[in-house]
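Worksheet: one structure, shown below.
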Amino acid sequence: MTKKLVIEHLNAWFGTIQALKDINLDIEENSVTAVIGPSGCGKTTFVRCLNRIHEVVDNAKVKGNVLLDGENIYSNTMDPVLVRRRIGMVFQKPNPFPTMSIFENVAAGLRLNGTKKKNEIADVVEKSIKMAALWDEVKDKLYKSATTLSGGQQQRLCIARTIAIEPEVILMDEPASALDPISTARIEELIQQIKERYTIVIVTHNMQQAARVSDYTGFFLLGELIEFNRTSDIFTNPGDKRTEDYITGRFG
Amino acid sequence: MGTRFGDRIIKLLSLLFASIIILLIAGIIYELISGSARSLSTFGWRFLVTSTWDPVSKVFGALPFIFGTVVSSFIALCIALPLSMGIAIFLSELAPKKVRVYVSLMIEMLAAVPSIIYGLWGLFVMTPFLQVHVEPFLGRYLGFIPLFQGPPVGVGMLAGGLILSIMIIPTIASITRDIFNTIPTLSKEAGYAIGMTRWEVIAKVVFPQARSGMVGAIMLGFGRALGETMAITMVIGNAPAISASLFSPAYTLSSVIANEFTEATSKIYISSLIELALLLFIISMIFNAIAKLLIRKGRFSA
Amino acid sequence: MNSMSYLKRRIVNRTMLLLSYGSAVLGVAVLFLILSYIVVKGMSSINLDFFIKLPKPTGETGGGIANAIVGSFIVVGIASVIAIPVGVMSGIYLSEFGKNRFASLVRYFADVMNGIPSIVTGIVAYVFVVVPMHRFSALAGGIALSIMMIPIITRTSEELIRMVPDTIREAGLALGIPQWKVIMFVVLRTASTGIVTGIMLAVARVGGETAPLLFTAFNNSFMSLRLDQPISTMTVLIYNYASSPYPDWNTIAWGTAFLLIVIVLIVNIVSKVFTNTKYSL
């Protein structure tokens, strides 16, 4: 097993409020790591620090190291744009580009990163949509607006859009929280299918989901990482009282 | 790095364009002041309080134009205010949704009609009507008041005020409607719950909450009226008179500029006209600034 | 309960609500009154010649306003070429980088600029352009109108770009697209329907302006395509022909007014419909 991401002494702030406190954590390649915890515990902030999108918010600050294949993404010579090409992200609410067609949405990352060849783009778009298990539903309306899709389809479109730029890591911030149970199940299935090619970090407030899809789980509370272990261990034999309280539903 | 370079370029470029706005305003103020410097130094404060406007002997006083501008705008406000309030109440409180959409659209169309078209209509349709029907009628029954004395000529202060009122109704009505719409339904329902009639809810619940915004809308409308040029130039009669009668012709700051600027030959004449423009600029800036402040304050974050 | 006072309250209520209905009816009636006059008096002078011929000297009937139609488009075109980039780019600055004091100043100045009476704009363009060029010109007219357009486009662009949710910006950034491309090709595109509508409305508004053109574009009885020469416009033509003592010319003024109002109202209605149906995020 190789370590894809190594997080060292990661701290994050919004203005003067500290959202993450000294997080240390390793993420295995081609695994699914779930991040759980009650609302406001910093789990979303955590993944947003992993692709340097936290810092685009006003007054937001980050300190610490995140090593991607041993290279610190927070070093001065690192361009955040290039980091984000290697570490993709799927957001909580589906956010397709509303004025672009389904095809253009998936092609956007490639086109705006300078790919010109039409055939190449068409190939990648088709491959990505297929991988996101959306192809059969949209193949006849690729040039319709992305907003015509249902919420679940939109979210899979966003996954396809992320896959299209061929990242190494995919961050998912509660990707199913705005979706119905059937769409949720499809997204979870999808995660299982694509994890052999990508390293996935998924934030969820749904513990069953974490148990179903992930190999590793980290439990966050008030900006601190309380416990990190194999998912099976966390759920059967939590090492910390607070983790146990949370997963047995005693708070949060 | 390549991508950061692009980011910096767009920030700088957009900053550059935004600076154009600052530079333009600075340029405008500078040109207006330097253009009117000659007139300012020659006439000083007398420019504002004397009535002689004589290009031949090169003596210039703006009082009749200030009078004409302020009075015509005031008349416009007196007519437009109750009507705009009525329309705003209709649109926000009374009209069924479908009617509301269409009436709103039409009121907005009223705002979109170019000034010159109001002028054309005012000149050929409204002023003859005033001359033949309205002014003789007013003169006959209200002639004992100085406001309604004098021969009915159609063009004049009354015509000017009327045409301006039509032009500022959409402004006042639509801003007031927006402000009424921000007042929480809850507080209106509280009024109904204690047995108020619809009008009482409007007068005692809606008006007090919307007051500063309404004043802002009125100021904005007044500011518009002060600066309006074409329509009023075509119907006010363009004679530098200060008269108590609404029937008599008058002249406004903007109309003098429109009529005389291309014919002005002497430097002091041009300078005096530019000083009129400076006056207009300052007045409308003051009204706009106060209006914006009040409207911002008057909006409810419901 | 005191029944007299209740009656009085009901009467007051009825009266005031009736007055409110009345003012709405009056407002709409005035619009129709003006429009119907323009249509009735203006439509009769509209024919093919009106669009393709030049004005005839006084005394001769017929003729058209081809030069004024072309002139209006040229002057408004110049104004748009200047004001659209300045306005949209300033809007981008204010919405994307506008959390500082300089931006507040720009916002404030744009509002000041928006409140400048149109006749003052004319004077300003006269001093800026006509004086140094020593002649009236289409360019001066265009610049005068652009001074009116810039603040309108700036503030509407700012507002519409700001309405694009941050999640869209983040979606772009998360794809490894550089910020400048996210702004230009994702955010701007998302706001584009609204911005185009705003630009159309601004064009319609300045296209109906007369006062800024009186001593900038001036007028011209002939067809002129040159930017450094005086040029005829529909609005100034209406003004000149309406104020003239010749009935023939007055008729042409009505015809031109008809054409102008048709254009202005169509643009306004189309953009209203456009915003209501298409623009939803």
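So that the names make sense, note that chain A is the first sequence line, chain B the second, and so on, each numbered from 1. Quantities reported herein were computed from a predicted structural model and do not represent experimental measurements.
- Heavy atoms only, all atoms of each residue included: C:Glu170 and A:Val57 are closest at OE2-CG2, 4.2 Å.
- Of the listed residues (A:Val83, A:Asn51, A:Asp58, A:Ile87), the greatest number of heavy-atom pairs within a distance under 4.5 Å of chain C belongs to A:Asp58.
- Separation of atoms CD1 (A:Ile53) and CZ (C:Arg169) is listed at 12.0 Å; rounding is to 0.5 Å.
- For CE of C:Met200, the number of neighbouring non-hydrogen atoms (other residues, nucleotides, ligands) closer than 6.0 Å is greater than 12.
- No more than 12 heavy-atom neighbours from other residues, nucleotides or ligands sit within 6.0 angstrom of CZ on C:Phe32.
- For chain C, no part of A:Arg86 is nearby; none of its heavy atoms comes within less than 4.5 Å.
- The structure places CG of A:Asn95 at 5.5 Å from CD1 of C:Ile168, a figure rounded to the nearest 0.5 Å.
- Contact of A:Leu112 with chain C is made through backbone and side chain together, with heavy-atom distances under 4.5 Å.
- A 6.0 Å sphere centred on CG of C:Asn100 holds more than 12 heavy atoms belonging to other residues, nucleotides or ligands.
- Here the closest non-hydrogen pair linking A:Ala108 and C:Ile177 is O-CD1, 4.2 Å.
- The minimum heavy-atom distance between C:Phe185 and A:Met100, with the atom names listed, is O-CE, 3.9 Å.
- Around the NZ atom of A:Lys195, the shell of radius 6.0 Å holds more than 12 heavy atoms that belong to other residues, nucleotides or ligands.
- Closest non-hydrogen pair, A:Arg85 versus C:Gly176, comes out as NE-O, 2.9 Å.
- Counted within 6.0 Å of CZ on C:Phe73, heavy atoms from surrounding residues, nucleotides or ligands total 12 or fewer; the atom is thus considered open.
- With a 4.5 angstrom heavy-atom cutoff, A:Glu104 touches chain C only via side-chain atoms.
- Closest non-hydrogen pair, C:Pro178 versus A:Asn113, comes out as CD-OD1, 4.0 Å.
- The local environment of NZ in A:Lys141 is crowded, with over 12 non-hydrogen atoms from other residues, nucleotides or ligands closer than 6.0 Å.
- When atom types are taken as modelled, the side chain of A:Arg84 and the backbone of C:Leu175 share no donor-acceptor pair closer than 3.5 angstrom.
- Of all non-hydrogen atoms in A:Phe91 and C:Ala171, the two that sit nearest each other are CE1-CA, 3.8 Å.
- The environment of CD in C:Glu159 is sparse: at most 12 heavy-atom neighbours from other residues, nucleotides or ligands sit within 6.0 Å.
- With a threshold of 4.5 angstrom between heavy atoms, A:Pro80 does not approach chain C through any atom at all.
- Taking CD from A:Gln92 and OG1 from C:Thr167, the interatomic distance works out to 11.0 Å, rounded to the nearest 0.5 Å.
- Just one of C:Val186, C:Val187, C:Val164 meets the side-chain contact (heavy atoms from CB on, under 4.5 Å) condition when paired with A:Phe97; it is C:Val186.
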